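Following: one structure in structure tokens, then a few remarks.
Numbering starts at 1 and runs along the sequence shown. The shown structure was predicted, so the numbers you read here are calculated from the model rather than taken from an experiment.
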Amino acid sequence: MHRRQKRGTVWTETDHYGRRLICVAGDEPHVARRIGDYLKREAKRDLEAACRRYASRLGVELKRVSVRDQTSRWGSCSTTACCRSLGA
């Protein structure tokens, strides 16, 4: 939902039907980029939490999780314990 008059960038709200809405402030030309940035941040947060849970179960230490626009690789882990995401 685009909220032109609001300040800020992107946030979520729940409507009176209980549905979660993604709300975006600012001018129309910035809406798509702001939504994309928000979704990438949320995906990274969720992916990082899942990676840390699985690393803990496996008894390994995770140093970093990164989310990037990948064209050829879905995801990988390096020998230095850094995980790269699915092509976000």
Side-chain angles (χ1 to χ4, degrees):
M1 176 154 300
H2 185 204
R3 305 275 173 104
R4 282 180 200 83
Q5 291 78 23
K6 290 277 189 175
R7 294 189 57 137
T9 56
V10 180
W11 66 96
T12 59
E13 292 179 3
T14 303
D15 70 5
H16 59 279
Y17 296 110
R19 297 177 299 195
R20 285 187 66 196
L21 305 173
I22 296 176
C23 301
V24 185
D27 296 328
E28 187 77 32
H30 306 291
V31 170
R33 181 188 52 78
R34 286 182 174 174
I35 291 173
D37 291 347
Y38 171 78
L39 292 174
K40 284 179 186 178
R41 277 193 312 273
E42 290 296 300
K44 181 179 181 192
R45 185 177 57 85
D46 292 347
L47 180 63
E48 194 167 47
C51 287
R52 293 200 186 284
R53 273 194 315 273
Y54 289 117
S56 176
R57 289 181 191 166
L58 294 169
V60 297
E61 181 184 341
L62 181 66
K63 290 184 181 177
R64 181 180 65 230
V65 174
S66 63
V67 176
R68 300 186 217 170
D69 291 331
Q70 299 287 105
T71 56
S72 63
R73 190 178 280 183
W74 280 53
S76 65
C77 291
S78 72
T79 58
T80 60
C82 298
C83 282
R84 294 191 185 101
S85 78
L86 311 170

Separation of Leu21 CG from Asp15 CG (nearest 0.5 Å):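 Asp15 atom CG to Leu21 atom CG measures 4.5 Å (nearest 0.5 Å).
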Does the side chain of Val24 come within less than 4.5 Å of Ile35's, by heavy atoms?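 The answer is yes, as the side chains (C-beta and beyond) meet within the 4.5 Å cut-off.
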Shortest non-hydrogen pair, Lys63 vs Arg52, comes out as O-NH2, 4.1 Å
In short, Val65 meets Lys44 closest at the heavy-atom pair O-CE, 3.1 Å
Answer yes when Arg45 and Glu48 have at least one side-chain N-carboxylate O distance shorter than 4.0 Å, and no when they do not.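 Looking at Glu48 together with Arg45, the answer is no, because their closest N to O distance does not fall below 4.0 Å.
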Report yes or no: do Val10 and Leu39 belong to one cluster of Ile/Leu/Val/Met/Phe/Trp/Tyr joined by side chain heavy-atom distances under 4.5 Å? yes
Residue pairs fulfilling side-chain hydrogen bond (donor to acceptor under 3.5 Å, both in side chains) with at least one residue in residues 29-38, sequence neighbours excluded: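 Output for this query lists Arg33-Asp37.
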